[in-house]
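Let me begin by presenting the structure, written as structure tokens, before commenting on it.
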Amino acid sequence: MDPGLQSFVRDALLRGLPRGAIREQLHAAGWRAEDTEAALSAWAETDFPVPVPRRRPYLSARETFLYLLMFLALYVSAINLGGLVFQVIDRAFPDPLRTNAWDGFRLGQVRQHVAALIITFPLFLLVARALGRAMARDPEKRGSKVRKWLTYVTLFGAAGTLIGDLIALVVAILGGQLARAFLLKVATVFVIAGAAFWYYLAGLRQEEGEETAGARAQPGVQLARRAVAWASAALVLASVVVALGMLGSPGTERRRALDRIRVQHLSELATRVDDYYTRKQRLPGDIGELTGVAALRRGAPPAGPLLDPETGRPYTYSIVDSTHYRLCAVFLAQARLDPEATGPMVDTTFAPSRHGAGPGCFTLEVRGR
């Protein structure tokens, strides 16, 4: 509040001038109505001969921490909700124009988004509820500067996101890339950012209207904000449920992770067989001859034997004919055959990468003969 305005109002009230006359003079001098009302509301309306200041809302360090935590949880939840919905869209509507191997559906990203939402969204709800109860007990806390600053920062971020979203849409229209998946992603960003923008803007407008004009709370706005809050929670819950349906149980995922190590080991063994054949023009007699072959060719220290990550036993190797050999391993789960679900670093053309559950043997041919 402007110190000169505050001093003028205090002196006028001290002289016993009516508040209406003070408003008229300040309005004639060019002061805004909200500034005038804020200056007058700082003093209690009593018959005491000296102006009595109202108690100013005090925001403790604890409440500052809670507001920072709440908005941080909101930002993380919104970003990960958008990322999770993007993954669901990529899974349902793969785009044939996508050429970047890192784009598209990735189970690893789904896990990260789900984990972030499971932690941060309930945290946001709990902290927001606690702060809401605190404001209900002490309505003056709505005037917290920290709360308003963070709210306006949130509005700024949401507005920037909406503008960027519309720009991306126009660029896609001009480039002829209006695929169904892209439109759904644009709509997702618009819904998430738009809901946050409207929710907090409507709340600020109503609070500022109550402070400056003494307006009553509008039930329609309150109901609409509550509906947006419930719809947002439902969207988060639905997205997490759908994503969990895409993921396997923790036990299954651990078994698949062990199987991926086995596939990598078999791939390394195949590389060592190729190196051995290139140098000696014959297949190795047993798996022990493969130790360190590939590493020596690259000038690195000798590589040790490759063992099963769970049992510690060596893999099975046998010769089929002069150029074909067989590698065997025991797998714990059915491999995912969807190339988009395995990640860009997995060679899905390698035969062992398409294994089933249980013992698996694969006949391979020497490469680079």
Side-chain angles (χ1 to χ4, degrees), residues 64-95 98 100-132 147 150-151 153-162 164-165 168 181-182 184-200 228-254 256-257 260 336 338 340-346:
T64 302
F65 165 75
L66 290 177
Y67 276 118
L68 290 171
L69 183 62
M70 182 188 73
F71 280 101
L72 174 63
L74 173 63
Y75 303 153
V76 176
S77 298
I79 293 172
N80 283 278
L81 175 60
L84 181 57
V85 175
F86 279 18
Q87 290 296 312
V88 174
I89 293 172
D90 284 332
R91 179 66 168 176
F93 307 103
D95 188 355
R98 185 181 295 116
N100 189 346
W102 289 101
D103 290 341
F105 178 73
R106 295 286 175 263
L107 283 177
Q109 293 183 17
V110 172
R111 294 189 193 97
Q112 293 176 5
H113 295 318
V114 170
L117 284 175
I118 289 176
I119 297 299
T120 58
F121 190 70
L123 176 64
F124 166 74
L125 294 178
L126 290 174
V127 177
R129 184 180 181 183
L131 290 172
R147 173 175 173 267
L150 290 175
T151 302
V153 168
T154 302
L155 290 176
F156 176 78
T161 302
L162 289 172
D165 192 44
F182 179 80
L184 289 173
K185 290 180 180 181
V186 170
T188 298
V189 174
F190 192 86
V191 168
I192 295 174
F197 184 85
W198 181 87
Y199 181 86
Y200 285 102
V228 169
W230 280 104
S232 300
L235 177 59
V236 172
L237 180 60
S239 300
V240 171
V241 170
V242 172
L244 289 177
M246 297 178 181
L247 301 173
S249 65
T252 300
E253 291 305 311
R254 175 173 176 78
R256 284 186 173 138
R260 286 193 290 271
R336 291 183 181 273
D338 184 357
E340 289 189 332
T342 57
M345 301 305 293
V346 176

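Fair warning: this is a prediction, and the values are worked out from it, not measured in the lab. Because only heavy atoms are used, hydrogens play no part in the values below, and waters and symmetry mates are left out as well, while side chains stay in. Numbers here are sequence positions counted from 1.
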First locate atom OH of Tyr67, then atom CG of Leu131, and finally report the distance between them rounded to the nearest 0.5 Å.
5.0 Å
Tyr199: partners by side-chain contact (heavy atoms from CB on, under 4.5 Å), with sequence neighbours left out
Arg225, Val228, Ala229
Any idea which heavy atoms bring Val127 and Leu66 closest together, and the distance?
CG1-O, 3.3 Å
Do Asp90 and Lys185 have side chains that approach each other closer than 4.5 Å (heavy atoms only, starting at C-beta)?
yes
Sorted by chain and residue number, the side-chain contact (heavy atoms from CB on, under 4.5 Å) partners of Tyr75 (sequence neighbours excluded) come out as Phe71, Val153, Thr154
Counterpart residues, side chain to side chain donor-acceptor pair (under 3.5 Å), relative to Ser77 (two or more places apart):
Thr120
To the nearest 0.5 Å, how far apart are CG in Leu69 and CZ in Phe124?
11.0 Å
Between CZ of Arg147 and CE of Met70, what distance do you get to the nearest 0.5 Å?
7.5 Å
For a side-chain contact (heavy atoms from CB on, under 4.5 Å) with Thr161, tell me which candidate from Val189, Ile192, Ile79 qualifies.
Val189
Using side-chain heavy atoms (C-beta onward) and a distance below 4.5 Å, is Leu81 in contact with Ser239?
yes
Supply the atom-to-atom distance Leu84 CG to Ile89 CD1, rounded to the nearest 0.5 angstrom.
10.0 Å
Atom CZ of Phe182 and atom CZ of Phe86: how far apart are they, to the nearest 0.5 Å?
9.0 Å
Ala158 versus Ala193, closest heavy-atom pair with distance
CB-O, 3.7 Å
Return the CD to CG distance between Gln109 and Asn80, rounded to the nearest 0.5 Å.
10.5 Å
